[in-house]
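Each remark here refers to the structure printed beneath this line.
FYI, side chains are in, hydrogens and waters are out, and symmetry mates aren't considered; it's all heavy atoms of this structure.
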Amino acid sequence: MNQDKPNWDGLLKWSLSHSDGTLPQRQLSEEDRKWFMEAMQSQTVDVVKRMKEISIVMQTPEEVLESQGVTPTEIEDMLDELQEHVESIDMANDLYSIGGLVPLLGYLKNRHPNIRAKAADVVTTVVQNNPKSQQLVMEANGFEPLLTNFTSDPNMHVRTQALGAISSLIRHNKPGIAAFRLANGYAALKDALSSESVRFQRKALSLLHYLLKENQADCSVVTELGFPRIMMHLASNEDATIREAAMQGLLELTYGKPNDIPGNLADEDGKMKKLLEERIQGISAMSKEELGANKEERHLVDALWRAFYNEPSSLGEKGLLVLPGEEDDELPPDVAGKLFEPPLRAWAAKREPEQPSEPEKKEAPLLLGPGPSNSSG
């Protein structure tokens with residue numbers, strides 16, 4: 001057994017023997033207390049040490065790693081491990097100070113698509129609801145390669161993961177939102193909504209919904225770009241989450257204009273009425289169980305009908321809007337926000353910014369694979 005790692009089997013047995021309730025509680029001996037504290041501390045030290053080792057590997061040129069026999073799959077596994085470590089907001093913020101953030105962003109340009117995608121996935125975890133790391137990524141020019149991968153990478157998985165990272169990077173981040181708007185991000189979202197990938201469409205609808213909620217002035221921009229036509233098409237999608245999020249987006253465009261639907265959104269050709277009538281027919285044909293599971297869609301259809309035609313839909317007359325036992329909601333549910341906004345580390349967004357850690361001294365490159373022999377053993 002590696003002597004550098006804690007004896008987890010022993011620690012588990014020791015913990016169970018002192019907490020299974022079969023024996024009366026007793027005071028720990030000094031020896032037991034010391035052993036327990038050393039075991040716990042060694043794990044903490046191992047995480048930090050391991051993150052430094054991963055950072056040094058990421059700094060190593062790809063051709064050097066290949067000469068050491070390191071495969072792309074092993075790099076992906078290493079990024080998987082790093083992602084687990086940066087689930088902790090403190091570890092995520094320390095990634096920059098130990099020299100790991102910049103090379104991680106460099107992996108967004110790696111020639112292997114799976115590595116590009118996985119790097120974006122790790123960035124998502126680092127910046128999610130984390131203002132400090134959001135700022136560090138922006139300052140390290142991490143937004144640019146993410147945007148490039150989102151808009152033009154030939155691999156759809158890479159594009160999808162990059163969009164997820166951008167979404168986490170610019171949430172509650174005014175400089176990030178400004179950068180997205182200046183980079184013609186809305187046009188890129190429009191392209192994403194026109195793709196054949198359901199996951200890509202979901203992420204695009206999620207980010208669009210968030211941006212419109214944050215700045216309703218952008219509704220006119222989105223309308224002029226032709227989003228309503230695309231969202232009307234998606235509102236009849238077979239995927240319920242796509243369908244509901246698209247209707248939520250259409251409803252967002254009408255907020256604040258109950259008697260003044262924007263010109264490009266007006267139902268001059270009757271397509272919106274036809275769409276909503278088809279959805280009402282579909283809802284009318286649902287079983288009791290299906291009706292209960294599609295509460296969001298029922299309320300969204302009615303809310304859109306009210307917004308466009310200034311009268312309630314027929315769902316109310318049919319008794320399909322509010323089922324027995326349901327509360328009569330005045331406002332439609334926030335479907336996209338509920339379905340897509342990640343809750344992980346949400347508390348961290350309200351934390352006070354921490355002081356940056358002291359930079360670590362550079363260490364000699366640590367390569368995977370056999371290295372030079374050490375005479376000291």
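Residues forming a side chain to side chain contact (heavy atoms under 4.5 Å, CB included) with Pro154 (at least two apart in sequence, or on another chain): none. Under the rule for a side chain to side chain contact (heavy atoms under 4.5 Å, CB included), the partners of Ala117 that lie at least two apart in sequence or sit in another chain are His157, Val158, Gln161. Listed by chain and number, the residues in a side-chain hydrogen bond (donor to acceptor under 3.5 Å, both in side chains) with Glu214 amount to none (sequence neighbours excluded). Every salt bridge (Lys or Arg N to Asp or Glu O under 4.0 Å) that Arg181 has, sequence neighbours left out, goes to Asp218. When the side chain to side chain contact (heavy atoms under 4.5 Å, CB included) test is applied to Glu196, no partner is found at least two apart in sequence or on another chain. For Gln135, the side-chain hydrogen bond (donor to acceptor under 3.5 Å, both in side chains) test picks out Glu139, with sequence neighbours left out. Residues satisfying the side chain to side chain contact (heavy atoms under 4.5 Å, CB included) test with Pro312, not counting sequence neighbours, are Asp302, Arg306. In this view, Glu81 and Arg50 satisfy the salt bridge (Lys or Arg N to Asp or Glu O under 4.0 Å) rule, not counting sequence neighbours. Remark: Thr160 engages no residue in a side-chain hydrogen bond (donor to acceptor under 3.5 Å, both in side chains) (not counting sequence neighbours).
Judged by distance alone, with hydrogens and angles left aside, the side-chain atoms of Glu296 form no donor-acceptor pair with the main-chain N or O of Glu244 at under 3.5 Å. Ser195 contributes no side-chain N or O that, together with a main-chain N or O of Asp191, makes up a donor-acceptor pair within less than 3.5 Å. Using a distance-only test at 3.5 Å, with no hydrogens or angles considered, no donor-acceptor pair links the side chain of Arg298 to the main chain of Ile283. The backbone N or O of Gly164 sits nowhere less than 3.5 Å from a side-chain atom of Ser167 that would complete a donor-acceptor pair. Distance alone, capped at 3.5 Å, places no donor-acceptor pair between the Ser314 side chain and the Glu317 backbone. Checked by atom type and distance alone, the side chain of Gln134 pairs as donor or acceptor with a backbone atom of Ser168 at under 3.5 Å. When atom types are taken as modelled, the side chain of Ser88 and the backbone of His85 share no donor-acceptor pair closer than 3.5 angstrom.
Remark: Glu326 does not engage Lys295 in a salt bridge, criterion side-chain N to carboxylate O under 4.0 Å.
The side chain to side chain donor-acceptor pair (under 3.5 Å) pairs that include a residue from residues 140-151 number zero, where partners must be two or more places apart or lie in different chains. Listed by first and then second residue, the salt bridge (charged side-chain N to carboxylate O under 4.0 Å, His left out) pairs that reach into residues 98-123 are Glu62-Arg111, Glu66-Arg111, Asp80-Lys118, Arg116-Asp153, Lys118-Asp121, sequence neighbours excluded. Residue pairs meeting the salt bridge (charged side-chain N to carboxylate O under 4.0 Å, His left out) criterion with at least one partner in residues 230-240, sequence neighbours excluded, are Arg202-Asp239.
In this structure, Ile177 is a member of the same hydrophobic cluster as Val221, with clusters built from ILVMFWY side-chain heavy atoms closer than 4.5 Å. At a threshold of 4.5 Å between side-chain heavy atoms, the hydrophobic network of Ile, Leu, Val, Met, Phe, Trp and Tyr places Leu225 and Leu205 in one connected group. Under the 4.5 Å side-chain heavy-atom criterion for ILVMFWY residues, no single connected hydrophobic cluster contains both Val137 and Val102.
Minimum interatomic distance between Gln201 and Ile242 (heavy atoms only, all atoms of both residues): CB-CD1, 3.7 Å. The nearest pair of heavy atoms linking Ala235 to Ala246 is N-CB, 3.8 Å. Of all heavy-atom pairs between Phe200 and Arg159, the closest is CE1-O, 3.6 Å. In terms of heavy atoms, Ala119 sits closest to Leu79 at N-CD1, 4.1 Å. Taking every heavy atom of both residues into account, Gln59 and Pro103 meet most closely at CG-CG, 3.8 Å. Contact between Leu108 and Pro145 at its shortest, heavy atoms only, is CD1-CG, 3.9 Å.
Centroid-to-centroid, the aromatic rings of Tyr210 and His172 come within less than 6.0 Å.
Asn114 places none of its side-chain heavy atoms less than 4.5 Å from the side chain of Pro72. For the pair Trp305 and Leu315, the minimum side-chain heavy-atom distance is 4.5 Å or more. Using a 4.5 Å heavy-atom cutoff, the side chains of Asn129 and Arg171 are not in contact. Annotation: side chain of Ser236 is in contact with side chain of Leu275 (closest heavy-atom distance under 4.5 Å). For the pair Leu250/Phe227, no side-chain contact is recorded, criterion being any heavy-atom separation below 4.5 Å from C-beta on.
Taking a 6.0 Å sphere around OH of Tyr96, one finds it holds 12 or fewer heavy atoms contributed by other residues, nucleotides or ligands.
With rounding to the nearest 0.5 angstrom, the CG atom of Asn184 is 10.0 Å from the CG atom of Leu189. The CD1 atom of Ile75 lies 4.0 Å from the OH atom of Tyr107; values are rounded to the nearest 0.5 Å. Taking CG of Leu169 as the reference point, atom OG of Ser133 lies at 10.0 Å (rounded to 0.5 Å). Distance check, rounded to the nearest 0.5 Å: CD1 of Ile89 to CG of Asn130 gives 4.0 Å. A distance of 10.5 Å separates OG in Ser284 from CZ in Arg279, rounded to the nearest 0.5 Å. Taken from CG in Asn110 to CD1 in Ile115, the straight-line distance is 4.0 Å, to the nearest 0.5 Å.
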Between Lys318 and Ile280, is the side chain to side chain contact (heavy atoms under 4.5 Å, CB included) condition met? List the steps.
CA-CA 10 Å; Lys318 296 179 179 182; Ile280 290 174; 3.8 Å; yes
Pair Met231-Leu253, side chain to side chain contact (heavy atoms under 4.5 Å, CB included): steps then yes or no
CA-CA 11 Å; Met231 288 193 287; Leu253 295 178; 3.5 Å; yes
Apply the test side chain to side chain contact (heavy atoms under 4.5 Å, CB included) to residues Leu82 and Met58: give CA-CA distance (whole Å), side-chain angles for both, the deciding distance (0.1 Å), then the verdict.
CA-CA 11 Å; Leu82 178 62; Met58 291 193 298; 4.0 Å; yes
Could you go step by step and tell me if Leu136 and Val127 meet the side chain to side chain contact (heavy atoms under 4.5 Å, CB included) rule?
CA-CA 9 Å; Leu136 290 171; Val127 301; over 6 Å; no
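The aromatic rings of Phe180 and Phe150 lie parallel to each other, with less than 30° between the two planes, well short of the 60° mark.
Because its NZ or CZ atom is both nearer than 6.0 Å to the ring centre of Tyr309 and within 45° of the ring axis, Lys273 counts as a cation-pi partner of that residue.
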